[in-house]
Amino acid sequence: MQRTTSDSDSPSHSRLSKKRRLLLLFLALFHLSGLLSSVDALMSSRTAQGSIAWLVSLNTMPYVAVPAYWIFGRSRFQGYVISRQSTDNELAAKHQLKTSSVDPFIRDETLAISQLDAVERLAKMPFLTGNQPELLIDGSQSFASIFAGIRAAEEYVLVQFYIVRDDELGRQLQQLLIDKARAGVKVYFLYDEIGSYRLPHQYIRALRTAGVDIRPFQSTKGPGNRFQLNFRNHRKIVIADGQFGWLGGLNVGDEYLGQDPRYGAWRDTHLKLTGPAVQALQLSFVEDWFWSTDSLPALQWQAQAAASGDAAVLILPSGPADRFETASLLIQHAIHSAKQRFWISSPYFVPDEGTLAALKLAALRGVDVRVLIPERTDNVLVTHAAYAFIGPLLDAGVSIYRYQQGFLHAKSFIVDQQLAAVGTINLDNRSFRLNFEITALVLDDAFVQNLAVQFQHDFARSRQMNLTELQAQPWWHRVFARAAHLLAPIL
């Protein structure tokens, strides 16, 4: 008797069963990957909120969360070695000799301010005396100073920016560096490939053809960083002959001159340094260059005092390769050290819990705490997330000012009458934990006063927020602010 072929024995059913098994295997592998990734997130995430968010998403939505985690999730930059924090690598050994010339300029211990000791330990670098700091306001003044310094360079120029654009300002810098390279001046140019992702190859090729050594930072270099897009080198540094240095908030693009109608007037702060502290600034550049190229440029390491001025300056690089959360600890320590005033400006205001607590506690202690932020940012989530933080701060006595005349991009702060800082740190998780940043801390009465005057000008161009304004917001705005607040760790 002939047996009838059942549906279960048919070739089509066999193929379907095979597809189902493959699908189940695929799903099982994703869930296993989610479980293993959640262990990594549990052990490596720097905040409890971040750990919880990744643990939940990796185990409930692994198909989306696993790729996202390995591209954006990790907060440790693997492989980058900071020479100031290590004693057993080639870079550290060489720079221990090269930076010995700054020893005569180390701040006299008899003049030490106790609150600054922790900052020096955090930086593993001392305050150096004999410096002349010059406050630079906005793009026109800052780039006029930078370009003049590059033109005057005789031996070498070091250039590092997060964003470089192929526009009018970018081409001015390009031509200036080409001219210097053709004149025999060594030019080393480092850019962040993520921040400068729109920079065309023709721009880079023209510089290389002229003899400029231009390199990307390579934030994905190393087996542990291959898929990471979350780390950025946010530093902005220019150095001429090891004697003059510039750092601050300005990148290279026409918008930083106020020429982009999307942003309007651009308010920023930069700093020119002359003196021994430039050697510390140069060390930060060389560390980044060494990571990117595995080579050390031949530079001038003989510190010289400025012709005038005797400010004490500490250069504090920070980033995801640090042992501690350097940027966040710096801001918190500065706030806790304040006795009369703490004024700070930042284009992005999504601070962590430690910084929020420090701001509220300082205001409750009677410190004049003022936070200067733009009316609108270039990130809608950041703009609205700030509203979730502002209410409790206002209630504690913190003054919040929103800049009205264009886009505020300055990153600076003042502690009492004695300390001022200019750098690249924003008040957000990215600057605190994911970006490579740099800050100059200045002990100089005249410089602090100059920066305080600029703060006063900015306050006069701002509106001060109040609790009534927040209470008048519609319910949907408050809901959106709280939802944006949940994303604070990744903003």
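- Side-chain N or O atoms of Ser346 include one that pairs as donor or acceptor with a backbone N or O of Leu427 at under 3.5 Å.
- Here CD of Glu325 is found 11.0 Å from CG of Leu122. Values are rounded to the nearest 0.5 Å.
- Across every non-hydrogen atom of Val415 and Ser337, the tightest pair is CG1-C, 4.4 Å.
- Using cut-offs of 30° and 60° for the angle between ring planes, the His409 and Tyr256 rings count as perpendicular.
- Leu135 CG to Gln141 CD: the interatomic distance, rounded to the nearest 0.5 Å, is 7.5 Å.
- When the options Asp458, Ile400, Ile344 are evaluated for a side-chain contact (heavy atoms from CB on, under 4.5 Å) with Leu372, the one that passes is Asp458.
- Between Ile315 and Met125 the shortest side-chain heavy-atom distance does not fall below 4.5 Å.
- Test Ile163, Asp268, Leu169 against Asn251 for side-chain contact (heavy atoms from CB on, under 4.5 Å) and you get one pass: Ile163.
- No donor-acceptor distance shorter than 3.5 angstrom exists from the side chain of Thr424 to the backbone of Glu437, with no hydrogens or angles considered.
- Taking Ala305 as the reference, Phe105 meet the side chain to side chain contact (heavy atoms under 4.5 Å, CB included) condition, with sequence neighbours excluded.
- Applying the ring pair (Phe, Tyr, Trp, His ring centres under 6.0 Å) test to Phe244 and every residue at least two apart in sequence or in another chain returns nothing.
- Arg267 is listed as a side-chain neighbour of Asp138, based on a closest heavy-atom distance under 4.5 Å.
- In this structure, the side chain of Thr129 does not engage the main chain of Ala311 through any donor-acceptor pair within 3.5 Å.
- In this structure, the side chains of Pro297 and Trp289 come closer than 4.5 Å at one or more pairs of heavy atoms.
- Considering NE2 of His333 and OG1 of Thr326, their distance stands at 13.0 Å, rounded to 0.5 Å.
- Ring-plane geometry between Trp266 and Phe407 is classed as perpendicular, the angle between the planes exceeding 60 degrees on a 0 to 90 degree scale with a lower cut at 30.
- Of the listed residues (Asp213, Val187, Ile178), just one forms a side-chain contact (heavy atoms from CB on, under 4.5 Å) with Leu207, and that residue is Ile178.
- The distance between the ring centers of Trp246 and His270 does not fall below 6.0 angstrom.
- Shown here is Gln172, whose CD atom has more than 12 heavy atoms of other residues, nucleotides or ligands within 6.0 Å.
- By the 4.5 Å heavy-atom criterion applied to side chains, Leu408 and Pro347 are not counted as neighbours.
- Taking the ring pair (Phe, Tyr, Trp, His ring centres under 6.0 Å) definition, one finds that Phe127 meets it with nothing, sequence neighbours left out.
- Judged purely by atom type and a 3.5 angstrom limit, Asn131 uses its side chain to pair as donor or acceptor with the backbone of Ala277.
- For Thr355, the side chain to side chain donor-acceptor pair (under 3.5 Å) test picks out Asp352, with sequence neighbours left out.
- Annotation: side-chain hydrogen bond (donor to acceptor under 3.5 Å, both in side chains) contacts involving residues 178-190, sequence neighbours excluded, comprise Gln175-Asp179.
- For Glu255, the side chain to side chain donor-acceptor pair (under 3.5 Å) test picks out Arg165, with sequence neighbours left out.
- At distances below 3.5 Å, at least one donor-acceptor pair connects side-chain atoms of Arg235 with backbone N or O atoms of Ser318.
- Under the 3.5 Å distance criterion, the side-chain polar atoms of Asp166 are left unmatched by any main-chain donor or acceptor of Arg171.
- Gln279 contributes a side-chain N or O that, together with a main-chain N or O of Gly242, makes up a donor-acceptor pair within less than 3.5 Å.
- In this structure a side-chain-to-backbone donor-acceptor pair under 3.5 Å is missing from Thr269 to Ala410.
- Counting only heavy atoms from C-beta outward, the side chains of Leu257 and Glu168 never approach each other to under 4.5 Å.
- Evaluation of the ring pair (Phe, Tyr, Trp, His ring centres under 6.0 Å) rule for Tyr203 yields no partner, not counting sequence neighbours.
- The 12-atom threshold is exceeded at CZ of Arg402, counting heavy atoms of other residues, nucleotides or ligands nearer than 6.0 Å.
- The line from CG of Leu281 to CD1 of Ile438 is 5.0 Å long, rounded to the nearest 0.5 Å.
- With sequence neighbours excluded, the residues satisfying side chain to side chain contact (heavy atoms under 4.5 Å, CB included) with Leu176 are Phe147, Ile150, Arg151.
- Asn450 is linked by a side chain to side chain donor-acceptor pair (under 3.5 Å) to nothing, counting only residues two or more places apart in sequence or in another chain.
- Looking at heavy atoms from C-beta onward, Phe436 lies out of side-chain contact with Ser284 at the 4.5 angstrom threshold.
- Side-chain contact between Leu434 and Asn429: present, with at least one pair of heavy atoms (C-beta onward) separated by less than 4.5 Å.
- Ser412 places no side-chain N or O within 3.5 Å of a backbone atom of Val422 that could act as its donor or acceptor partner.
- With sequence neighbours excluded, the residues forming a side chain to side chain contact (heavy atoms under 4.5 Å, CB included) with Thr209 are Arg205, listed by chain and number.
- For Phe189, there are no ring pair (Phe, Tyr, Trp, His ring centres under 6.0 Å) partners at least two apart in sequence or on another chain.
- Side-chain atoms of Leu128 and Pro126, non-hydrogen and from C-beta on, do get closer than 4.5 Å to each other.
- In this structure, Ser462 contributes its side chain and Tyr401 its backbone to no donor-acceptor pair below 3.5 Å.
- The distance from atom CD of Gln454 to atom OG of Ser345, rounded to the nearest 0.5 Å, is 9.5 Å.
- Taking Asp241 as the reference, nothing meets the salt bridge (Lys or Arg N to Asp or Glu O under 4.0 Å) condition, with sequence neighbours excluded.
- Between Asp428 and Arg430 there is no salt bridge, since none of the side-chain N atoms of the basic residue sits less than 4.0 Å from a carboxylate O of the acidic one.
- Note that CD1 of Ile390 and CG of Leu356 are 10.5 Å apart. Values are rounded to the nearest 0.5 Å.
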